[in-house]
Amino acid sequence: MSGTQKSGLVVTAHPGDFVWRAGGAIALHAKMGYRVKIVCMSYGERGESQGAWKQPGMTLEKCKEARKAEAEAAASVLGAEIEFFDAGDYPLRITDAMMERLIDIYREVNPSFVLTHAVKDPYNVDHPEASRIAQEARIVAQAAGHKPDPGGVTYSAPQVFQFEPHQPEQCDFKPNRILNVTEVWDTKWKAFEQLPAQRHLWDYYERVALNRGMQGGRNSGKAMKYGEAYQTIFPDAVEVLA
């Protein structure tokens, strides 16, 4: 990675999550020349593979292999790198070694922004757990005494954007960013098509994008067909308000 290339980090519990909720942001920033890295905590093999488990003879290992291939294909379409932790899902449980690896990734990638799950989700405990892990690693990565380097820590903790949960009103999700993803919608839809195990969600998330596009257009006064909603965790420090 060149010294001037900007980057983004996505920390996701399951393969589909980064596609449905942040695929537009990933594709848009990759198109702009950002390095985008996805850390996928699990393969979603237990609770996020409804279509796969309807196939005769399906096993846990077969399901993991299939979902891994789907996620790799989706990430490639979006223009991102992907790394899997194989922490399991339903429930998601990481090891100390996985946490250390994520901290190292923060320092290596030095992201300008982080995308992850909402901090609350009563429907899926894997999601807020992934969010908690993402935030813990973000904090530890900036500690000068954690794996100290003679040159010092050059990493700076970035803003964290929570992407939209499936049931936003139950998750206390109140977006304060609506990203226009119209120009990369075809790319995002192509990424949808790499996830046949969750075919039942494709049309739902197109409707979500259309709704957010309408909201974004109304708030900005500019035409927006497809949008993605985000809620920041930390305040932005600015010199002027507008």
Side-chain angles (χ1 to χ4, degrees), residues 7-27 29-30 34-53 60-106 108-109 111 113-119 121 124-138 141 160-166 187-188 190-198 201-202 205 228 230:
S7 59
L9 178 63
V10 184
V11 181
T12 179
H14 316 107
D17 296 327
F18 73 83
V19 179
W20 322 129
R21 311 178 203 285
I26 294 168
H29 287 84
Y34 282 63
R35 175 190 180 187
V36 183
K37 176 148 186 163
I38 301 163
V39 174
C40 193
M41 294 286 172
S42 78
Y43 301 115
E45 64 270 16
R46 296 189 182 97
E48 301 280 321
S49 304
Q50 292 87 335
W53 283 105
L60 200 62
E61 287 306 313
K62 286 181 181 179
C63 189
K64 288 167 70 171
E65 290 173 6
R67 295 313 313 276
K68 181 176 185 288
E70 289 180 9
E72 287 174 336
S76 177
V77 166
L78 296 172
E81 308 166 26
I82 190 166
E83 183 172 331
F84 300 93
F85 277 15
D86 196 11
D89 70 321
Y90 289 66
L92 189 157
R93 297 287 187 269
I94 69 163
T95 63
D96 289 345
M98 291 174 185
M99 175 58 75
E100 287 298 320
R101 174 58 188 149
L102 185 57
I103 294 166
D104 289 345
I105 289 171
Y106 268 91
E108 172 201 340
V109 176
F113 61 83
V114 174
L115 308 181
T116 193
H117 295 271
V119 297
D121 190 340
N124 191 321
V125 295
D126 287 358
H127 293 165
E129 177 64 6
S131 182
R132 183 196 67 76
I133 292 164
Q135 292 179 68
E136 180 178 338
R138 171 189 177 275
V160 178
F161 294 85
Q162 302 166 83
F163 41 63
E164 184 164 9
H166 194 74
T187 301
K188 181 170 178 174
K190 186 176 179 182
F192 280 18
E193 294 176 331
Q194 310 309 308
L195 303 173
Q198 293 180 288
L201 292 176
W202 296 4
Y205 277 104
E228 285 179 351
Y230 295 90

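Because the structure is a prediction, the values reported are computed rather than measured. Positions are given from 1 along the sequence.
Comment: K190 does not engage E193 in a salt bridge, judged by the lack of any side-chain N to carboxylate O separation of less than 4.0 angstrom. By the 4.0 Å N-to-carboxylate-O rule, E48 lies too far from R67 to be salt-bridged with it. The pair E65-K68 does not meet the salt-bridge criterion, since no charged nitrogen lies less than 4.0 angstrom from a carboxylate oxygen.
Between Y106 and A134 the shortest heavy-atom distance is OH-O, 2.7 Å. Contact record, G88 with R46: CA-NH1, 3.8 Å, taken as the closest heavy-atom pair. Across every non-hydrogen atom of P128 and D121, the tightest pair is CD-CB, 3.7 Å. The shortest non-hydrogen separation linking G23 to L78 is O-CD2, 3.4 Å. When every heavy atom of T12 is checked against every heavy atom of F18, the shortest pair comes out as OG1-N, 3.6 Å. Shown here for V109 and S7, the closest heavy-atom pair between the two residues is O-OG, 2.8 Å.
One distance of note links CD1 of I26 with CD of E81; it measures 11.5 Å at 0.5 Å rounding. Rounded to the nearest 0.5 Å, atoms OG1 (T95) and CZ (R101) are 12.5 Å apart. K62 contributes atom NZ, which lies 10.0 Å from atom CH2 of W53 (distance to the nearest 0.5 angstrom). Going from atom CG of N124 over to atom CG of D17 covers 7.5 Å, rounded to the nearest 0.5 Å.
A 4.5 Å side-chain heavy-atom check between D126 and E129 finds every atom pair outside the cut-off. Side chains of H14 and Y90 form a contact here, defined as non-hydrogen atoms less than 4.5 Å apart. Side-chain contact between L92 and I133 is present, with at least one heavy-atom pair separated by less than 4.5 Å. In this structure the side chain of E70 reaches within 4.5 angstrom of the side chain of P196, judged on heavy atoms.
A donor-acceptor pair is defined here as one N or O able to donate and one able to accept, closer than 3.5 Å; such a pair exists between the side chain of Q162 and the backbone of V119.
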Sequence neighbours left out, cut at 3.5 Å: what donor-acceptor pairs do the side chains of residues 38-45 make with other protein atoms?
unit_1, atom_1, unit_2, atom_2, d
S42, OG, A13, O, 2.8
S42, OG, G44, N, 3.1
E45, OE1, Y43, N, 3.3

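In this structure, F113 and Y34 have tilted ring planes: the angle between them lies in the 30° to 60° band.
A side-chain donor-acceptor contact under 3.5 Å links S131 and Q135.
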Report the C-alpha distance between F161 and V10 in whole Å, list the side-chain angles of each, state the deciding distance to 0.1 Å, and finish with yes or no for side chain to side chain contact (heavy atoms under 4.5 Å, CB included). CA-CA 10 Å; F161 294 85; V10 184; over 6 Å; no
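When Q198, K188, H166, E164 are each tested for a side chain to side chain donor-acceptor pair (under 3.5 Å) with Y205, only one passes: H166.
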